[in-house]
Every structure is written in C-alpha cells, then in structure tokens.
Amino acid sequence: MAEHELDVYPSRVALEPGVTSRADPVVYGSPSTGPLSAEVLAQYDRDGYLVFDELFTAEEVQRLRLAVDTLRSSAAILKRPEAIHEPSGDGLRSIFRVHELDEVLSALVRDQRLVAVAAQLLGSGVYIHQSRVNFKPAFVGKEFYWHSDFETWHVEDGLPRMRALSISLNLTDSNEFNGPLMVIPGSHRSFVACVGETPENHYKESLKRQQYGVPDRSILKELVAEKGLVAPKGKAGSVVLFDCNLMHGSSSNISPYARSSLFIVYNSLKNAPRTPYGGRPPRPDFIASRELAPLTAGA
Ligand code: 6CS
Ligand code: FE
C-alpha cells in the first residue's frame with residue numbers, strides 16, 4: 001500500500017472543525033475529451049452536480065429493478081457483509097458492490113452514457129471505487145445525514161485527492177415526499193474538516209448511521225446561507241451526477257413511496273487509494289475497491 005507524503009485534506013485530527021479551500025480542480029477534462037459541452041462543464045465546475053433527466057428508459061429501469069429485486073430477495077445475499085440493514089433492524093438499507101453481484105448491474109457500470117462522462121470530468125481512465133443500492137424503504141427508510149463522501153473516502157479509504165464522482169440513478173421516482181437527495185450547490189469547493197477520531201471498524205456503524213466524519217452544524221449553516229439548498233428530484237431513470245466533495249444528505253422516508261437509488265462511484269486511475277489518512281486499516285474491498293480494474297482504454 002503506497003504510503004503518503006503530505007495530507008492535503010486533514011480531518012478528524014483537530015479538536016475544532018474547520019473549512020479549507022479545495023486544492024484540486026473540479027473538471028479535469030475539456031469539451032473535446034467527452035460528450036459534455038463547455039457550458040455543461042462550466043455548470044458542473046460551479047455547482048458540483050448535474051442532473052440528467054430520463055437518461056435511462058422505462059424498460060432499462062425495469063431490467064435494473066428486476067436485477068436489484070433479485071439481489072434483495074436472496075437469502076444468501078442478505079447474509080453477506082455487503083447487505084446493510086437499517087439501524088432499527090427493520091428494512092434493508094443498502095447493498096454494496098452490486099456491480100460484482102449481478103451481470104445486468106455489471107454491464108450498467110460500463111455503460112458509455114456514464115463512463116464517457118466520468119472519464120471526461122475526471123480527465124483520465126476510471127475504475128469503480130464503490131457501488132451500492134440505497135433502498136430507503138417506504139415508511140421506515142432512515143436518513144443519510146449531511147456529509148462529504150470524499151472526507152470519508154480520504155480518511156478511511158485513502159483516496160488522496162478530489163478526483164472521483166458519484167452517479168445516483170433513480171430506480172424509483174424521487175419526489176418531495178420520499179427523502180430525495182439534498183445538496184448544497186458549490187459546497188464541493190470547500191473541504192469541511194471534521195472532529196473526532198475514527199473508531200475501529202467504523203464502517204460497521206457508519207453505513208447504518210454516520211457519527212464520525214459529520215460536518216459541524218455552524219459550518220453547515222454558513223454553507224447553506226451562502227449557497228442555498230437544492231433537492232434535485234426526478235423520475236425513475238433520471239441521474240444525478242455529483243462531485244466526491246459535494247455536501248449532501250437525505251431525510252428519512254415516512255411516505256408510502258420507496259426511494260431506491262443505485263450509486264456508482266467512479267475514481268480516476270490517477271487517484272489510487274493509499275494508506276488511509278485516518279490511520280486505521282483500509283475498509284473492506286466491498287466498500288472501497290483497492291483493485292484498479294480500468295473501465296476505459298488508456299490511463
Ligand atoms: O462511507 C461511504 O463510503 C458511504 N457513506 C455515505 C454516507 N455516502 C457515501 C458512501 O456510500
Ligand atoms: Fe454519500
């Protein structure tokens with residue numbers, strides 16, 4: 001495991017929370033290196049996220065949902081460490097590494113509608129750092145508190161720089177009632193350092209309810225006062241693509257509508273995980289792949 005020299009984004013080391021400016025580009029590619037136009041690249045650079053309405057057809061979503069339902073109804077899968085249950089014990093919260101558990105989902109992560117955009121934004125070849133389905137079941141689906149994914153992927157997985165992004169594919173409609181994704185636009189340009197030392201095997205709790213790597217509320221208040229809040233809703237088949245450091249979260253779901261989303265995290269091949277910056281052993285492979293299996297030709 002490659003050691004690291006300087007930690008550009010220290011977190012969970014100080015007694016006080018803090019905010020520093022992002023030290024990395026947001027857009028690494030250009031209009032000539034992929035399908036996104038200069039205007040869309042500029043929008044992503046500014047906001048830290050993009051919404052693609054109905055990127056996938058109803059038939060494609062149906063096939064994806066069938067694949068996901070097969071996984072969630074398999075007793076063997078539900079016994080595996082990849083299956084994460086809600087803290088209260090009722091309801092399945094997530095299944096991780098779905099792209100290695102099912103061929104339809106394995107084909108999806110290679111779909112050029114996603115890979116070409118990720119490679120353009122990350123300016124390099126890409127591989128899958130993590131995939132998961134978050135189920136957010138009707139009536140009992142619990143919240144995902146505010147966080148920056150990068151803060152966790154840096155401290156607990158060892159990703160050195162901000163050169164990764166998430167694709168959130170709505171498998172059900174995401175509306176104002178069923179706990180939609182909420183983002184603070186532009187927050188990807190601020191690194192919010194958290195307090196508190198990462199407990200051993202933190203993932204066993206954090207994937208149910210995150211208590212470390214949680215941003216300070218006064219900092220959240222300032223960010224929202226400055227940048228506002230957006231809840232990009234969308235029909236099944238729509239996609240929200242967001243930067244690894246964009247502050248986001250989602251409320252619990254007390255509505256009768258499930259809110260299932262398929263997340264795929266693309267990391268740049270030039271941003272390989274190193275020794276986790278938080279000093280703990282790396283998280284298991286089903287959460288953070290340490291095998292850089294390129295999805296694109298070229299580095
Ligand atoms: O720890 C992680 O990698 C996961 N936790 C959250 C709340 N979002 C990103 C990722 O799924
Ligand atoms: Fe997240």
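Note that this is a predicted model, so its numbers are computed, not measured. For reference, positions follow the sequence shown, starting with 1. Whatever order the structure lists ligands and atoms in, that order sets their numbers, starting from 1.
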Within ligand 1, which atoms have a heavy atom of Thr152 less than 4.0 Å away? 1 (O)
Which atoms of ligand 1 have any heavy atom of Asp149 under 4.0 Å away? 6 (C), 8 (N), 9 (C)
Closest Asp149 atom to the Fe ion (ligand 2) [N, O or S only]: OD1
Compute the shortest N/O to N/O distance between His248 and ligand 1 and return yes if it is under 3.5 Å, no if not. no
Is Trp153 near ligand 1, meaning one of its heavy atoms is under 4.0 Å from it? yes
Examine the side chains of Ser206 and Glu156 and answer whether a donor and an acceptor come within less than 3.5 Å of each other. no
Arg283: numbered ligand 1 atoms lying under 4.0 Å from its heavy atoms: 1 (O), 2 (C), 3 (O)
Does an N or O from Gln130, backbone or side chain, lie closer than 3.5 Å to an N or O of ligand 1? yes
Tyr9 versus Val155: any side-chain heavy-atom pair under 4.5 Å? no
Do other residues, nucleotides or ligands put more than 12 heavy atoms under 6.0 Å from the CD atom of Glu54? no
If you count the atoms of ligand 1 from 1 in the order shown, which ones are under 4.0 Å from a heavy atom of Gln210? 7 (C)
Fit a plane to each ring of Tyr212 and His202, take the angle between them on a 0 to 90° scale, and name the class: parallel (under 30°), tilted (30 to 60°) or perpendicular (over 60°). perpendicular
Students should be able to answer this: which protein heavy-atom is nearest to atom 6 (C) of ligand 1, and at what distance? His147 NE2, 3.5 Å
Can you list the atoms of ligand 1 that are under 4.0 Å from a heavy atom of Arg132? 9 (C), 10 (C), 11 (O)
Would you find more than 12 non-hydrogen atoms of other residues, nucleotides or ligands less than 6.0 Å from Glu176 atom CD? yes
Would you check if there is a donor-acceptor pair between the side chains of Asn134 and Ser261 at a distance under 3.5 Å? no
Quick one: do Glu86 and Lys142 satisfy salt bridge (charged side-chain N to carboxylate O under 4.0 Å, His left out)? Show the steps, please. CA-CA 7 Å; Glu86 289 292 0; Lys142 293 291 175 284; 5.9 Å; no
Nearest non-hydrogen contact with atom 5 (N) of ligand 1 belongs to which option: Asp157, Leu207, Asn134, Val155? Leu207
If the threshold is 4.0 Å, N to carboxylate O, is there a salt bridge linking Lys233 and Asp53? no
